[in-house]
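Everything below concerns the one structure shown next.
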Number of protein chains: 2
Amino acid sequence: MYSQVQGNKPGMNGTEIMTTDTMSIRDMCLTFDVTPRTLRFYESKELLFPVRDGQRRLFTKRDRARLKLILRGKRFGFSLEEIRQLLDLYHMNDSQETQLSKTYEFAERHLADMEAQKAELDEAIGELKTQMEWGAKKLAAISKDQSAA
Amino acid sequence: MYSQVQGNKPGMNGTEIMTTDTMSIRDMCLTFDVTPRTLRFYESKELLFPVRDGQRRLFTKRDRARLKLILRGKRFGFSLEEIRQLLDLYHMNDSQETQLSKTYEFAERHLADMEAQKAELDEAIGELKTQMEWGAKKLAAISKDQSAA
DNA sequence: CGTTTCGTTTACGTTAACGTCAATTTGTCT
DNA sequence: AGACAAATTGACGTTAACGTAAACGAAACG
């Protein structure tokens, strides 16, 4: 649904298609529902590494994968700094094996956190449902009172 | 494991036990691992309603139930304002039936949020596990290289 | 009775995660 | 060329959720 045509150098007439697989900042904003400020902020925090076409940022496929993980991490309540460490695991390249062991341990703790969170979430959902059934009964009683009046 | 003796008025000798079922601010801090500042802050935001013994706050059983819900809500990434609304559902008394319907609707949205969050959490856990298996294989390869050298 | 030991109020400070605004540059259209 | 839109770089502002420090009162203790 979005243009894959980006990074056209001067000299292109617009009919040629350069599927460089990069996206402009605006396309990123529309696709992921974030603001330009957010993307620049994430770059400043070294969460994203858009390449440059002159001054302008071009976001690669890798940046988009990372952004998806960032936004998901945020929904789980992780800080950007924690997320940055996790991104290292997802985007580890072969020349960074020295850090792999440390990253792996971090991921283990993170996984434990998430599973604990899941257990608690299940419990909370159960309790909320119980409360809502109580509320539903109350509501039913009220509407009955009113029809009787 | 914590003292249930609180709110003793002057004139008590310490052998009598007044199981008023209230806790001092310090006991609350130890029990729930929060700071006094946090408890006062929650009171100022009308999340807790400790009674007073002169100047001092005494936290009731109701306050403790609410605090548990507050801390859990925070772990799920909800704001204090959102949590305050949910507390209305859990601590609704019969004289507040006018607001019940509104609160119920809020709870329905909240429940939907939580179930969506659970689904996403399951997915994230699965992906993280996959990545960690990849990482584990890498680590195994490295240690093999080193033993061969 | 002096002194530590909580607890209280008031008020200013802090951090994360951006928002917002201004000045400027660059590309695009007519 | 002129105008307009879109992007960039500072730089300062904002909100939530507390932290921290000062100044004070009350209670407990030797």
Side-chain angles (χ1 to χ4, degrees), chain A residues 2-3 5-15 18 22-30 32-59 63 67 70-85 87, chain B residues 2-3 5-15 18 22-59 63 67 70-85:
Chain A
Y2 54 86
S3 168
V5 184
Q6 257 91 28
N8 293 3
K9 300 287 181 186
M12 301 186 69
N13 62 19
T15 60
M18 229 182 110
T22 62
M23 283 174 65
S24 74
I25 198 167
R26 190 51 59 180
D27 287 338
M28 289 290 284
C29 292
L30 295 174
F32 293 99
D33 193 34
V34 295
T35 69
R37 178 68 176 97
T38 299
L39 295 175
R40 295 187 195 110
F41 180 71
Y42 289 168
E43 181 186 8
S44 77
K45 291 301 181 76
E46 299 184 75
L47 294 163
L48 299 177
F49 307 93
V51 298
R52 297 301 175 112
D53 173 27
Q55 283 274 73
R56 289 160 180 210
R57 290 166 177 81
L58 293 179
F59 295 86
D63 289 315
L67 183 54
I70 292 167
L71 297 177
R72 189 168 67 184
K74 290 199 60 183
R75 268 174 258 135
F76 297 149
F78 297 109
S79 74
L80 292 183
E81 179 52 30
E82 291 172 314
I83 292 168
R84 203 184 54 71
Q85 300 204 51
L87 288 174
Chain B
Y2 54 85
S3 168
V5 183
Q6 258 90 29
N8 293 4
K9 300 288 182 185
M12 301 187 70
N13 62 19
T15 61
M18 232 182 108
T22 62
M23 282 173 66
S24 74
I25 199 167
R26 190 51 59 181
D27 287 338
M28 289 290 284
C29 293
L30 294 173
T31 304
F32 293 99
D33 193 33
V34 294
T35 69
R37 178 68 176 99
T38 299
L39 295 174
R40 297 190 193 108
F41 179 71
Y42 289 168
E43 181 185 8
S44 77
K45 290 301 182 75
E46 298 184 76
L47 293 164
L48 299 176
F49 306 94
V51 297
R52 296 302 175 113
D53 173 26
Q55 282 273 75
R56 296 174 171 192
R57 291 167 175 81
L58 293 178
F59 295 85
D63 289 316
L67 182 54
I70 293 167
L71 297 177
R72 190 167 68 185
K74 290 201 61 186
R75 268 173 258 135
F76 297 148
F78 296 109
S79 73
L80 292 183
E81 178 52 30
E82 290 172 315
I83 292 168
R84 205 184 53 72
Q85 300 203 51

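Basis for what follows: all heavy atoms, side chains included, without hydrogens, waters or symmetry-related copies. We name chains A, B, ... by the order of the sequence lines, and we start the count at 1 in each one.
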Could you write out each protein N or O paired with an N or O of nucleotides 24-26 of chain D at a distance under 3.5 Å?
none

Derivation of the salt bridge (charged side-chain N to carboxylate O under 4.0 Å, His left out) call for B:Arg84 and B:Glu81: CA-CA 5 Å; B:Arg84 205 184 53 72; B:Glu81 178 52 30; 3.0 Å; yes
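- Between A:Glu43 atom CD and D:dT8 atom C1' there is a gap of 11 Å when expressed in whole angstrom units.
- Remark: C1' of C:dC6 and CZ of B:Arg26 are 7 Å apart, rounded to the nearest angstrom.
- Straight-line distance from the CG atom of B:Leu39 to the P atom of C:dT9: 13 Å, rounded to whole Å.
- Atoms CZ and OG, on B:Arg37 and B:Ser44 in that order, are 7.0 Å from each other to the nearest 0.5 Å.
- In this structure, B:Arg40 reaches the bases: a heavy-atom distance under 4.0 Å links it to at least one base atom across the strands shown.
- Atom CZ of B:Arg52 is separated from atom C1' of C:dG7 by 10 Å (rounded to the nearest Å).
- Atoms CG (B:Leu58) and P (C:dC6) sit 17 Å apart, rounded to a whole Å.
- Under the 4.5 Å side-chain criterion, counting only non-hydrogen atoms from C-beta, A:Leu39 is not in contact with A:Phe32.
- Looking only at side-chain heavy atoms (C-beta outward), A:Leu67 and A:Met28 come within less than 4.5 Å of each other.
- Under the 3.5 Å distance criterion, the side-chain polar atoms of A:Asp63 are matched with a main-chain donor or acceptor of A:Phe49.
- Between A:Ser24 and A:Arg56, every side-chain heavy-atom pair lies at or beyond the 4.5 Å cut-off.
- Here A:Arg57 does not reach the OP1 or OP2 of D:dA7: none of its side-chain N or O atoms lies under 4.0 Å away.
- The closest side-chain heavy-atom distance from A:Leu47 to A:Phe41 is not below 4.5 Å.
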Can you check each nucleotide of nucleotides 10-23 of chain C against protein heavy atoms at under 4.0 Å and return B for base, S for sugar-phosphate only, - for none, in 5' to 3' order? -B-----BBBB---
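- Here A:Ser79 contributes atom OG and A:Gln85 contributes atom CD; the two are 8.5 Å apart, rounded to the nearest 0.5 Å.
- The side-chain heavy atoms of A:Tyr42 and A:Val34, taken from C-beta on, include no pair separated by under 4.5 Å.
- For the helix from C:dC1-D:dG30 to C:dT30-D:dA1, the axis fitted to the five pairs at one end and the axis fitted to the five pairs at the other end meet at an angle of 10° (nearest 10 degrees).
- Taking 4.5 Å as the limit, some side-chain heavy atom of B:Ile25 sits within range of a side-chain heavy atom of B:Arg40.
- No side-chain heavy atom of B:Leu58 sits less than 4.5 Å from a side-chain heavy atom of B:Arg52.
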